[in-house]
Amino acid sequence: MNDTRALAIERMQENAQAMGANAVIGLRFASSEIGQGLSELLAYGTAVVLRPEP
């Protein structure tokens with residue numbers, strides 16, 4: 001589960017950078033069991049620009 005959480009955060013960061021953001025705020029996780037021995041993990045937050053690049 002730790003590896004999955006790290007991968008979800010990494011993907012979220014890549015998506016935020018692709019949108020021009022340099023930070024993600026309000027990070028949350030949601031998980032659910034979708035079958036016997038199967039789970040899904042969602043990581044979501046708000047992509048923002050904290051300080052414009054000089």
Visitor: Please enumerate all residues that pass side chain to side chain donor-acceptor pair (under 3.5 Å) together with Asn2, with sequence neighbours excluded.
Guide: Arg5
Visitor: With a cut-off of 3.5 Å and sequence neighbours excluded, list every side-chain donor-acceptor pair involving residues 23-45.
Guide:
residue: Ser32; atom: OG; partner: Glu40; partner atom: OE2; Å: 3.1

Visitor: Donor-acceptor pairs under 3.5 Å, side chain of residues 10-19 to any protein atom, not counting sequence neighbours: which ones?
Guide:
residue: Asn15; atom: ND2; partner: Arg11; partner atom: O; Å: 3.3

